[in-house]
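A quick note: this is a predicted structure, and the numbers were derived from the prediction, not measured. When reading the values below, keep in mind they use all heavy atoms of this one structure, side chains included, and skip hydrogens, waters and symmetry mates.
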Amino acid sequence: MRHLAIIAAAAAALTLSTAAQAASYRLGTLEVVDPWSRPAAANGNGGGFMTIVNRGAGADALVAVETPAARKTEVHRSSTAGGVMKMERQDAGVAIQAGKQVAFAPGGYHVMFLGLTKATKLGDKIPATLVFKSGAKLKVEFQVAAAAPGTASGKAPAADAHHHH
């Protein structure tokens, strides 16, 4: 009996570790890995982060993000020059070259969820549809977490300005 208990515990641990592994969404040659967002207040703004991989032979671009969880979404890019951080809307979208990937991370490209319809807390999921120039529409869920999947600490990276919007 003791062996069965050990096997059951090992199986449970394996299931939990598998659940914590990378979230991945694919549509054709496009893949979105680990979409996540930090907790945010109702009516406030949130940021969405992920990695987009283009395994195709031609370039594509993320041109829009749709979600029922916010009044509006925009794709932004943060950058720092001369010690001054600025954020720019990417109205033309974000290109993903053939065979390449683009990281959406604090301090760089990110999705802005403007006017959240309700507060998001740890463990929540924000449903969204990523719209690409090619016409592809990929449904994903941004996992609400304290930090990017795979990071050891719950501390947020310092280069982030989402709470300033």
Side-chain angles (χ1 to χ4, degrees), residues 15-78 87-154 156-157 159-163 165:
T15 301
L16 289 174
S17 68
T18 303
Q21 289 181 357
S24 177
Y25 303 84
R26 285 191 79 151
L27 180 64
T29 58
L30 294 170
E31 181 177 12
V32 173
V33 180
D34 285 338
W36 70 284
S37 181
R38 291 196 183 102
N43 299 313
N45 301 329
F49 312 104
M50 67 198 139
T51 300
I52 301 176
V53 181
N54 181 353
R55 299 185 193 289
D60 208 337
L62 176 67
V63 294
V65 179
E66 302 166 347
T67 181
R71 269 190 353 267
K72 182 177 178 185
T73 60
E74 295 177 352
V75 177
H76 286 196
R77 182 177 191 182
S78 296
M87 206 168 304
E88 295 178 291
R89 213 172 51 221
Q90 303 295 296
D91 292 330
V94 175
I96 301 106
Q97 299 302 320
K100 303 285 185 186
Q101 65 182 30
V102 176
F104 283 64
Y109 289 117
H110 56 278
V111 176
M112 287 299 304
F113 299 115
L114 303 170
L116 289 164
T117 57
K118 66 177 188 164
T120 59
K121 59 188 182 319
L122 295 177
D124 286 351
K125 293 182 178 179
I126 301 170
T129 301
L130 307 183
V131 181
F132 293 88
K133 187 174 184 179
S134 64
K137 289 187 173 192
L138 180 56
K139 290 183 184 292
V140 303
E141 289 183 322
F142 287 85
Q143 178 73 43
V144 179
T151 57
S153 78
D160 183 26
H162 290 117
H163 60 281
H165 278 271

Closest contact, heavy atoms only, [X] versus [Y]:
X      : Y     : result
Gly46  : Ala40 : CA-CB, 4.3 Å
Pro149 : Trp36 : CD-CD1, 3.5 Å
Ala98  : Gly56 : CB-O, 3.3 Å
Gly47  : Ser37 : O-OG, 2.7 Å

Only pairs at least two apart or in different chains count here, so list each salt bridge (Lys or Arg N to Asp or Glu O under 4.0 Å) that has a residue in [range].
range            : answer
residues 90-99   : Arg89-Asp91
residues 97-113  : none
residues 113-123 : Lys121-Asp124
residues 102-112 : none

Distance, nearest 0.5 Å, that separates CG of Leu27 from CG of Leu130
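Leu27 CG to Leu130 CG: 10.0 Å, rounded to 0.5 Å.
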
Can you tell me how far CG of Leu116 sits from CG of Asn43, rounded to the nearest 0.5 angstrom?
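The distance works out to 8.5 Å.
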
Just to verify, what does Lys72 make a side-chain contact (heavy atoms from CB on, under 4.5 Å) with, not counting sequence neighbours?
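Lys72 satisfies side-chain contact (heavy atoms from CB on, under 4.5 Å) with Glu74, Leu114 only.
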
Partners of Arg55 by side-chain hydrogen bond (donor to acceptor under 3.5 Å, both in side chains), sequence neighbours excluded?
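For Arg55 the side-chain hydrogen bond (donor to acceptor under 3.5 Å, both in side chains) partners, ignoring immediate neighbours, are Glu31.
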
For residues 136-146, please give each side-chain donor-acceptor pair under 3.5 Å, one per line with the distance, not counting sequence neighbours.
unit_1 : atom_1 : unit_2 : atom_2 : d
Gln143 : NE2    : Gly123 : O      : 3.3

Which side-chain N or O atoms in residues 59-71 pair as donor and acceptor under 3.5 Å with protein atoms at least two apart or in another chain?
unit_1 : atom_1 : unit_2 : atom_2 : d
Asp60  : OD1    : Lys133 : N      : 3.3
Asp60  : OD1    : Ser134 : N      : 3.0
Asp60  : OD2    : Ser134 : OG     : 2.6
Thr67  : OG1    : Ala69  : N      : 3.1
Thr67  : OG1    : Pro127 : O      : 2.5

Using a 3.5 Å distance criterion without hydrogens, assess whether the side chain of Gln97 forms a donor-acceptor pair with backbone atoms of Ala95.
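It does not hold such a pair.
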
Sidechain-backbone polar pair: Asp34 side chain, Ser24 backbone, donor-acceptor under 3.5 Å
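No; judged by distance alone, with no hydrogens or angles, the pair does not exist.
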
Heavy-atom side-chain proximity of Val94 to Arg77 below 4.5 angstrom:
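No. Closest side-chain heavy atoms not under 4.5 Å.
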
Kindly assign one of parallel, tilted or perpendicular to the pair His110 and Phe49, based on the angle between their ring planes and the thresholds 30° and 60°.
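Plane angle between 30° and 60°, so tilted.
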
Can you list the residues that meet the ring-ring contact (aromatic ring centres under 6.0 Å, His included) rule with Phe132, with sequence neighbours excluded?
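With neighbours one apart ignored, the set is empty.
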
